[in-house]
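A quick write-up on the structure given underneath.
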Amino acid sequence: MSDAPAFGLRLENHYARLPGEFYTRMPAERVGETLTLLHANPEAAALIGLGPSVFSDPDFVPVFSGRKMLGDFQPLAMVYSGHQFGAWAGQLGDGRALLIGQARDAKGDLWDIQLKGAGLTPYSRFGDGRAVMRSTIREYLGSEAIAGLGIATSRALSIVATGETVMREQPEPGAILTRLARSHVRFGHFEHFHHRGKHDQVRLLADHVIGEYFPAFAGDYAGWFGEVAKRTAELMAEWQAAGFAHGVMNTDNMSILGITLDYGPYGFLDAYDPDFICNHTDEGGRYSFSNQPGIGHWNLRALALALSSLIDGDALVKHLDAYEGIFVDRFRALMRAKLGLVRREEGDDDLIRSLLQLMAKTRADYSQAFRGLTQTGEDWLFLFGPAREAALAWRERYRARMDGEGDRRAAMDAVNPRYVLRNWVAETAIRAVEDRGDAGPLDRILRLVQAPYAEHPGEEALSEPPAPEFAGLSVSCSS
Ligand code: AMP
Ligand code: MG
């Protein structure tokens with residue numbers, strides 16, 4: 001036992017039970033000289049049983065920057081491979097991430113505690129192992145916003161400013177994010193071993209993942225793959241209904257647990273545009289908003305191939321074929337809830353489709369168009385600009401349909417967010433930190449996106465579509 005601080009966490013070297021070819025054990029590089037805690041998130045801390053007083057513990061910053069070890073846990077960087085933008089990319093791995101702990105919570109669930117931006121690893125390739133403040137804030141807010149919407153995701157515990165200058169397209173301040181996830185195992189982990197012909201390792205990893213995270217599927221590899229496919233389909237439906245585009249759905253960013261992972265150039269829709277591309281590096285629009293569900297399936301096919309030494313081809317195909325139906329069912333259920341439809345009626349699907357078509361044609365604001373459904377009056381019609389008459393006709397039809405559904409307002413407001421992490425809102429938090437060292441807006445915005453369905457009096461401006469100077473703000477892969 002070491003005397004390194006553990007903050008009372010029940011740590012377990014779980015992943016390291018796998019043989020050494022799955023990772024490299026190593027301490028974090030020493031990144032930066034003057035480390036300061038920019039922000040820490042009580043909601044995420046609570047997930048692993050930590051109270052907010054831990055943030056002022058003198059060991060907090062040293063541990064959550066990699067300077068000091070967390071208890072006797074031996075940090076490690078994981079190896080994985082993947083398909084990037086449709087092409088096999090070979091070995092990737094944790095190039096700037098380091099697993100500094102795995103902790104069992106009171107329920108018995110295991111949580112990965114991972115640093116991002118804590119220095120070079122054997123998998124850094126051409127990278128510097130660093131993360132910039134801008135992208136760290138984006139991941140911090142993005143993952144908490146997705147969690148706030150009730151969608152499965154990694155979480156963000158803290159941001160430490162490193163005081164370093166990091167070179168990207170321009171020099172930028174550096175930061176270290178600590179994120180939590182039940183697991184950081186990706187589709188690409190399985191691809192890594194399969195494509196090297198190491199089928200025993202594929203099996204070891206599957207046993208490891210099933211044993212810890214899918215105990216109901218012990219001994220049933222095919223059933224487990226079906227569950228992964230189901231969770232992926234459901235995640236895609238949740239993203240679509242929320243108006244979220246991940247931006248870089250490479251197989252190395254796809255979670256084996258079906259959670260949202262690796263927030264880079266993601267985006268939430270402002271104006272509804274099915275062809276929305278949030279990542280300006282994605283010139284062909286492979287990961288455009290409306291392509292995401294299909295890409296989820298493409299990625300599952302890559303995973304199926306990686307599991308083909310373990311699972312019979314017919315079973316893989318059966319589960320791949322079930323994907324679309326699961327996606328459609330979930331998406332329909334979510335959209336019905338957004339409209340407040342309870343009874344099943346002929347024409348419901350068409351009602352939903354025609355609203356989306358009208359929104360696409362007029363570029364109506366996605367979130368406002370749904371949140372506004374519970375309001376009476378003219379404001380909602382203004383969202384559709386010159387198509388006011390068509391919007392009015394749709395609303396008449398909708399009102400007639402809602403006759404007899406009872407008062408659905410509270411239920412609808414509980415699924416149509418008022419506060420969405422729009423790009424301009426995230427940018428407001430970033431600029432305050434970068435320009436003035438002010439984490440105040442970051443703190444305020446975090447609270448809004450963690451409770452996105454509530455009204456937050458006085459904060460209404462942060463629910464608005466972008467002002468002209470922020471519209472069309474694009475985000476790149478460089479982070
Ligand atoms: P991403 O597109 O962010 O998911 O990253 C793809 C791969 O590049 C992963 O293996 C990352 O660990 C690695 N990577 C991204 N940025 C850096 C960096 N600055 N330094 C080292 N590795 C990086
Ligand atoms: Mg990644």
Side-chain angles (χ1 to χ4, degrees), residues 22-24 26 28-32 66 75-100 112 114-140 142-143 146 153-154 156 162 164-179 181 183-192 195 245-257 259-267 277-283 286-287 292 295 299 302-303 475-479:
F22 284 83
Y23 50 81
T24 300
M26 56 176 292
E29 187 191 340
R30 202 183 155 84
V31 172
L76 61 88
M78 298 177 176
V79 67
Y80 51 83
S81 294
H83 280 86
Q84 300 188 315
F85 291 90
W88 177 243
Q91 179 179 306
L92 303 163
D94 289 337
R96 54 173 168 171
L98 197 68
L99 187 69
I100 59 157
D112 282 8
Q114 197 190 61
L115 303 181
K116 187 168 175 180
L120 293 165
T121 77
Y123 314 115
S124 298
R125 299 180 298 150
F126 310 110
D128 56 6
R130 279 15 182 209
V132 298
M133 180 60 83
R134 167 178 55 88
S135 63
T136 302
I137 292 175
R138 283 179 51 83
E139 174 150 1
Y140 191 80
S143 55
I146 287 288
T153 178
S154 63
T162 63
E164 259 191 353
T165 298
V166 176
M167 272 317 294
R168 292 293 180 261
E169 278 117 1
Q170 67 242 359
E172 297 193 41
I176 298 171
L177 175 77
T178 299
R179 62 184 179 185
S183 168
H184 286 86
V185 173
R186 302 142 193 275
F187 289 9
H189 278 77
F190 292 91
E191 292 179 280
H192 180 74
H195 287 272
H246 180 284
V248 196
M249 286 178 65
N250 295 333
T251 56
D252 53 295
N253 290 336
M254 294 295 289
S255 154
I256 199 71
L257 302 185
I259 66 173
T260 314
L261 202 61
D262 278 15
Y263 290 77
Y266 68 85
I277 301 168
C278 58
N279 173 5
H280 76 60
T281 322
D282 181 12
E283 278 159 22
R286 178 180 171 85
Y287 299 137
Q292 292 193 154
I295 292 291
N299 289 337
L303 177 64
V475 186
S476 80
C477 258
S478 145
S479 59

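Keep in mind that the numbers below use all heavy atoms, side chains included, and drop hydrogens, waters and symmetry copies. Whatever order the structure lists ligands and atoms in, that order sets their numbers, starting from 1.
Under 4.0 Å is where a charged nitrogen must lie from a carboxylate oxygen, and between E29 and R96 no such pair does.
Within the 3.5 Å criterion, the main-chain N or O of L261 finds a donor-acceptor partner in the side chain of H246.
Here the N, O or S atom of D262 that is nearest to the Mg ion (ligand 2) is OD2.
Counting all heavy atoms, side chain and backbone alike, T153 lies closest to S143 at CG2-O, 3.5 Å.
Not a single salt bridge (charged side-chain N to carboxylate O under 4.0 Å, His left out) links R138 to another residue, sequence neighbours left out.
Defined by atom type and a distance below 3.5 Å, a donor-acceptor pair is present between the side-chain atoms of T24 and Y123.
Near ligand 1, Y80, Q84, L92, G93, D94, G95, R96, S124, R125, G127, D128, G129, R130, R168, D252, N253, D262 each place a heavy atom less than 4.0 angstrom from the ligand.
In this structure, Y80 and H189 have tilted ring planes: the angle between them lies in the 30° to 60° band.
Atom-to-atom distance recorded for M78:CE and D112:CG is 5.0 Å, nearest 0.5 angstrom.
Coordination check, N250 versus the Mg ion (ligand 2): failed, since every N/O/S atom of the residue sits at 2.8 Å or beyond.
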